[in-house]
Amino acid sequence: TKYVQENFVDQGMVADVAIHLDHPDNPHAHVMLTNRPFNPDGSWGLKAKTQYIKDSNGKQLLTKSGFPKQRKIWLVDWDKKEKITEWRHNWSVSVNQVLEQKNIPDRISEKSFIEQGIDDTPTQHEGINSKRHERKAFNQQVEEQRKAQAKYHNLDQKIRNHEHFDALTDELSFSEKHTIRDLSQQLKTYVDLEHLDDKERMLFNWKNSLLIKHAIGEDVAQKLLTIDQQSMSLEQANQLLNKVVDRATKKLYPTVDFEQTTPAQRRELIKETNSEQTIFKDSELAE
């Protein structure tokens, strides 16, 4: 309660907290927050405001199209990635203070093993969802690897590869995940490398079919408009995934020369990595 009060409520958010103690192996809490602030009188505040851009004489500047130039000024920083990092750090500080008060030697950290300089593979939170057994098995492998690291070198590589396979999702920022969710609704398909390729082929075939119908006098204007709208969303989704693919490629394949490869080649490389569930090396990577 103290953590939620100091980090969220005191900053102007409303926090809805649900503490779940129904499973002995998975005590946890959900905190649902407003992303718009409240004013002192209880009315909604603003996340951002529009600022019109003027020259040094105070005259309104215009775009090439004749519209007033403007910029968005954020009044809160709650959607920023840096804020998530701050909240994670404050959580570890709060937990460690309580552990110290109760004379419990354990401590937690929001930092990864790499950031802490620890040469080890982290375990995964098991929870009670559909992936519990999978994560539990993974954690058991990690424990075995820690006990006999030299003997189980191949197991170590397998565990590290397991981490890499979700790299595309891991490379998505908080705002990009929201954008993908919105684009998925617009395109009526999940936004990933495989589904977008299928969607592009479907739109191409659908448009050709409609053009044939249009040639024989059938009214297909509304359907063609839908295709154009989805094509715009598809282009936006592809541009976003290309950025994420490039980040994943740099992480998994730091030796790949971006000047000698195309975005399409890098997309295929990540698709093959996910499909084969392996990180390619040497001649396999070149191929």
Side-chain angles (χ1 to χ4, degrees), residues 81 112-114 121-122 124 130-131 134-135 137-138 141-142 145 153-212 223-224 226-287:
K81 187 175 182 179
S112 67
F113 279 1
I114 294 176
T121 303
Q124 299 178 351
S130 60
K131 292 190 176 182
E134 176 186 336
R135 292 175 178 178
F138 175 78
Q141 287 183 325
V142 174
Q145 183 261 335
H153 176 76
N154 290 335
L155 176 61
D156 176 63
Q157 188 63 43
K158 180 179 179 182
I159 292 171
R160 293 187 185 280
N161 282 349
H162 179 91
E163 293 174 347
H164 291 316
F165 296 151
D166 293 327
L168 202 60
T169 301
D170 292 343
E171 290 301 312
L172 287 168
S173 69
F174 187 74
S175 61
E176 286 171 341
K177 288 179 181 178
H178 279 273
T179 301
I180 282 182
R181 182 196 63 189
D182 294 337
L183 289 170
S184 295
Q185 293 175 348
Q186 295 168 25
L187 292 168
K188 295 180 171 43
T189 187
Y190 188 72
V191 173
D192 63 13
L193 296 177
E194 295 288 348
H195 285 81
L196 287 191
D197 289 348
D198 291 340
K199 187 69 177 184
E200 189 167 10
R201 285 190 291 270
M202 187 274 287
L203 288 176
F204 178 82
N205 293 334
W206 188 19
K207 187 169 185 177
N208 284 342
S209 175
L210 289 178
L211 290 176
I212 293 173
K223 292 180 180 178
L224 286 173
T226 299
I227 290 177
D228 288 340
Q229 291 171 341
Q230 291 208 353
S231 294
M232 291 176 61
S233 296
L234 180 64
E235 182 180 0
Q236 185 181 353
N238 275 319
Q239 289 175 351
L240 174 57
L241 282 196
N242 281 343
K243 292 180 182 179
V244 181
V245 163
D246 285 353
R247 292 202 293 265
T249 302
K250 289 178 181 178
K251 177 181 178 181
L252 300 181
Y253 301 105
T255 61
V256 168
D257 187 349
F258 274 46
E259 293 184 359
Q260 299 299 319
T261 56
T262 65
Q265 288 174 325
R266 295 192 288 273
R267 281 173 72 116
E268 286 300 316
L269 175 59
I270 296 301
K271 282 170 67 176
E272 285 296 312
T273 298
N274 290 335
S275 174
E276 297 296 326
Q277 293 283 286
T278 189
I279 308 301
F280 302 113
K281 296 180 180 179
D282 305 324
S283 61
E284 286 184 331
L285 176 58
E287 183 181 353

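Keep in mind that what you see is a predicted model, and the values were worked out from it rather than measured.
- Taking OH of Y253 as the start and OG1 of T261 as the end, the distance is 12.5 Å to the nearest 0.5 Å.
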Are Q265 and E268 close enough, and set up right, to give a side chain to side chain contact (heavy atoms under 4.5 Å, CB included), and what steps lead you there?
CA-CA 5 Å; Q265 288 174 325; E268 286 300 316; 5.7 Å; no
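- Of the inter-residue distances, the one linking L234 atom CG with L183 atom CG reads 9.5 Å to the nearest 0.5 angstrom.
- If you take CG on L269 and CZ on F280, they are separated by 7.0 Å, rounding to the nearest 0.5 Å.
- Atom CD1 in I180 sits 10.5 Å away from atom CD in Q236 (nearest 0.5 Å).
- Atom CH2 of residue W206 and atom CG of residue L224 lie 8.5 Å apart, to the nearest 0.5 angstrom.
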From CA spacing to verdict: side chain to side chain contact (heavy atoms under 4.5 Å, CB included), L285, V256:
CA-CA 9 Å; L285 176 58; V256 168; 4.2 Å; yes
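- Remark: the backbone N or O of L187 is paired with a side-chain donor or acceptor of K199 at under 3.5 angstrom.
- A 6.0 Å sphere centred on CZ of F174 holds no more than 12 heavy atoms belonging to other residues, nucleotides or ligands.
- The shortest heavy-atom contact between R247 and S173 is NH2-N, 4.4 Å.
- Using a distance-only test at 3.5 Å, with no hydrogens or angles considered, no donor-acceptor pair links the side chain of S209 to the main chain of N205.
- In this structure, P263 and R266 have side chains that are in contact, with non-hydrogen atoms separated by less than 4.5 Å.
- Atom NZ of K271 sits in a crowded spot, with more than 12 heavy atoms from other residues, nucleotides or ligands closer than 6.0 Å.
- In this structure, CG in L241 is found 12.0 Å from NE2 in H195, a value given to the nearest 0.5 Å.
- Under the 4.0 Å criterion applied to side-chain N and carboxylate O atoms, R201 and D198 are assigned as salt-bridge partners.
- Here the side chains of R267 and D197 are in contact, with some heavy-atom distance below 4.5 Å.
- Of all non-hydrogen atoms in N238 and E200, the two that sit nearest each other are ND2-OE1, 4.4 Å.
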